[in-house]
Amino acid sequence: MTTSTPHQRSQDLYARVKRFVLINMIVVPFIPLLLALIIGNHSFSRSIKDGTINSMKRIAADHRQMIESFLLERKNDLVMIVNTISFEEITQPGRLMSVFSNLQRTASAFADLGIFDENGVHVAYHGPFDLTGKNYHDAEWFQHTLENGVYISDVFLGVRNIPHFVIAVMKKEVGRKWVIRATVDSQRFNNLVRQIRIGKTGEAYLINRQGVLQTDRRSGGNLMETPAEKIPLPAPGREIDTFIHNSAGTDPLLKGIDTFMHNDAGADPFLYATCWLKDNSWILVIRQEKSDAFMALESTRLPILFICVIGGLCIVAAAFTLTGAIVRKMEQSDTEKALLNQQLIGASRLAELGEMAAGFAHEINNPLQIISSERSMIQVLLDEMVEAGQLTPGESLDQVNESVNQIITQLERCSRITASILKFGRQSESREEELDLAVLIPEITQMVQKKAEVNGISLLRDIPQVPLRVRADASRLQQVILNLLNNATDAIIEQQGSTGGFIRVSLLHNDNGSATIRVRDNGSGIKQEDMEKIFSPFFTTKPVGKGTGLGLSVCYGIVQQMGGQMEVESRVGKGTTFSITLPILKAGE
Amino acid sequence: MELMKMMLVDDEERFLSTTKKLLERKGFEVQTASSGKEALDLLRTHPVHVVILDVKMPGMDGVATLREIKRQYPMVEVIMLTGHATMESAMDGLKSGAVDYLMKPANLEEIIEKAVGAYNRRADIEEKIEAARMQGSKEPPPEMLEQA
């Protein structure tokens, strides 16, 4: 165990309490604040994410609709041609040109038009190239067309070395099959897709099943190129896939929806929405940089952080202020308690001391009694011896007589001391009765009136003519007040001599149900260093043999026992005021 | 009036012997007893007028002794000798029939003064009783006995 003073210990305690209160006052409010912010942030993020993803899905759906209808319209253009014009008619020279002209009027995207017989021979052609007579029987597109009746190719360069794709429709007539094929200018189609813009980085493009770009991509990557990133194929059907894709792979963003984040090496992750087009052969990709897509999310982070910091600061400030106040209050009340304890200990020590002193005084009285008897004996014997002439009067005899007389003086002094001590120790037996201070105090002051007049002291009374009833032992209260009056007289004689002194005895009715008896004098006052000790037993400033040092301590004990308080105020050379405060009896008590 | 006979009762032997010598020199006849029991025994054989009785004694204390004396010898006057702390017992003594009390340390003059006072009071009462007898009544009025 380490040794420490009580002061250090209480300081340690305050530090511990302070720490405890502080931590609790900071942590406890922080938990709900953080919870609120986290939950708010979470729901808000989620709602923003959902909103962003939904709007992306809507854009994807709209554009799929647009592209699909473009392709469908172009296909229907061809279907209408094959349904309205026979093979014979369309293969006649010049006819195809007029058909193409009509077609161009409704859809400028067509670049050329060709007719093939069922063996794949290019029987008629209108367009910028001379392709008539070429055989496409083994071409993939031709086989597909014969098989399915309709075919739309991927974008390819072909013989003309410009990106394009073809739409082919087969017509079955009686005993014959023929195919019409139109080339769609990829540039026109490109523009249709490229025009989609979302935010700063949002873009749309098409890829085929192999991941080859079917349109230009604004963020880099030309037609026919294959972008570096590998994005997953959308699920079959009309569902729109959304996801965030990054270089490490594709992470599901939200359960139930294929949502992924893509992160090109060194670039931001992208939020993707993908869906199938053209009977699952093309993929429409809508993508936007994640930071761009979720910008609203970022912008809410700042206020949340702000609230967190401001709220935290408020909590910390409040915690420090309150903790400081609490600890200060605690220290203050502890100090008061310590003071009260000290007073209580003082009072009980006084009582113990009183009992001890009383026992001591009583025991001393027996030997004193014997000394007194022996002294008388010596006196008697001396007188007899002088009478008998055994002792001759002279200086020696005078000295013996003086010594014997001195024994009387000292015996009287001892007797006075023991009497005072016994009074002091007599505190346990008192006869309390109801007293009216307004009557009792003038009676007591009357007793010292003569003595005061002799010493040139004016004794002033300030006693209201209203009964003030207290419960007390009349003789003890009298003892206390007489003691104070005697002290005051002594102090005045010391300071003022035989003129100009006054003692004012006042009786006050306090608001808190107590009465104060005040004895004020203009005597010599009490020195500051003596103030603490004046109620201690055996403390006296009077010359040796004059005071026992018990008067005020007895008074203090008596007043304490009556449930009252005794206080003193004094200024050296100006005077002293003693106040005795006693509880007043309420009516009917 | 016959010579005053006194008895000192105290547990302090030296006090008894010195005070006895002093009082005898002043012409009083003095008995001493160092306990209540001894005092009662002595009273049986040597009646006295005034008893000076210490309140605080080992064994039978002053007040008990006083009660016994007043019970057995109602005409004996008792003066209580007390230390201040036993003022209450001195008061009890007065209530139980002691005529006066002396505060320790008491000097010889005080002792004599109180003893003489008590003796005179006793003599006064005896005179009255005598006078009452003279007037013809055989018995003294009960209130006078009680007063004694």
Side-chain angles (χ1 to χ4, degrees), chain A residues 353-385 387-388 404-431 473 475-476 479 548 550 554, chain B residues 6-28 30 32 34-35 52-58 61-63 79-95 101-116:
Chain A
L353 200 64
E355 262 169 54
M356 201 200 76
F360 166 76
H362 187 251
E363 285 312 312
I364 286 292
N365 273 344
N366 283 327
L368 287 180
Q369 180 66 75
I370 295 168
I371 291 168
S372 174
S373 299
E374 299 301 325
R375 203 273 324 159
S376 300
M377 194 70 204
I378 292 168
Q379 189 69 64
V380 168
L381 290 173
L382 269 178
D383 291 351
E384 279 180 8
M385 284 162 94
E387 251 170 66
V404 171
N405 285 336
Q406 191 53 230
I407 293 175
I408 300 175
T409 312
Q410 296 306 324
L411 271 176
E412 276 166 1
R413 183 174 160 194
C414 283
S415 156
R416 216 165 42 239
I417 294 172
T418 54
S420 302
I421 293 174
L422 288 166
K423 258 187 217 166
F424 174 69
R426 215 172 54 125
Q427 286 170 28
S428 50
E429 324 102 23
S430 77
R431 294 197 174 78
D473 182 325
S475 64
R476 291 193 181 189
Q479 184 190 339
T548 58
L550 286 166
V554 170
Chain B
M6 292 165 76
M7 182 184 284
L8 294 173
V9 187
D10 199 316
D11 56 329
E12 297 276 355
E13 288 293 347
R14 182 68 201 189
F15 170 69
L16 292 181
S17 59
T18 308
T19 314
K20 178 180 154 91
K21 276 182 217 159
L22 284 166
L23 288 171
E24 279 173 350
R25 273 168 193 276
K26 298 276 175 187
F28 301 105
V30 180
T32 61
S34 59
S35 73
I52 295 170
L53 182 59
D54 189 17
V55 170
K56 199 173 164 238
M57 284 186 298
D61 77 356
V63 177
I79 295 167
M80 305 301 282
L81 186 57
T82 176
H84 199 101
T86 49
M87 269 296 288
E88 312 298 324
S89 4
M91 296 298 171
D92 280 353
L94 290 179
K95 281 181 204 158
Y101 69 91
L102 270 167
M103 197 90 79
K104 275 186 186 178
N107 60 33
L108 193 66
E109 289 71 32
E110 282 174 339
I111 294 173
I112 292 168
E113 189 191 322
K114 299 250 171 171
V116 169

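Below, all heavy atoms of this structure are taken into account, side chains as well, without hydrogens, waters or symmetry copies. Everything numeric here is computed off the predicted structure, so don't read it as measured data.
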Non-hydrogen atoms of chain B under 4.5 Å away: do they reach the side chain of [X], the backbone, both or neither?
X: A:S373; answer: both
X: A:Q379; answer: neither
X: A:E363; answer: side chain
X: A:L381; answer: side chain

Roughly how far, to the nearest 0.5 Å, is [atom2] of [Y] from [atom1] of [X]?
X: B:I111; Y: A:S376; atom1: CD1; atom2: OG; answer: 7.5 Å
X: B:R14; Y: A:I370; atom1: CZ; atom2: CD1; answer: 8.5 Å
X: A:R375; Y: B:L108; atom1: CZ; atom2: CG; answer: 8.5 Å
X: B:K56; Y: A:N365; atom1: NZ; atom2: CG; answer: 10.0 Å

Interface residues of residues 17-27 of chain B facing chain A - non-hydrogen atoms under 4.5 Å apart: B:T18, B:T19, B:K21, B:L22, B:R25
CA sep, side-chain torsions, deciding dist, call: A:L368, B:K104, side-chain contact (heavy atoms from CB on, under 4.5 Å): CA-CA 8 Å; A:L368 287 180; B:K104 275 186 186 178; over 6 Å; no
A:Q369: which of B:L102, B:D10, B:L81 passes side chain to side chain contact (heavy atoms under 4.5 Å, CB included): B:L81
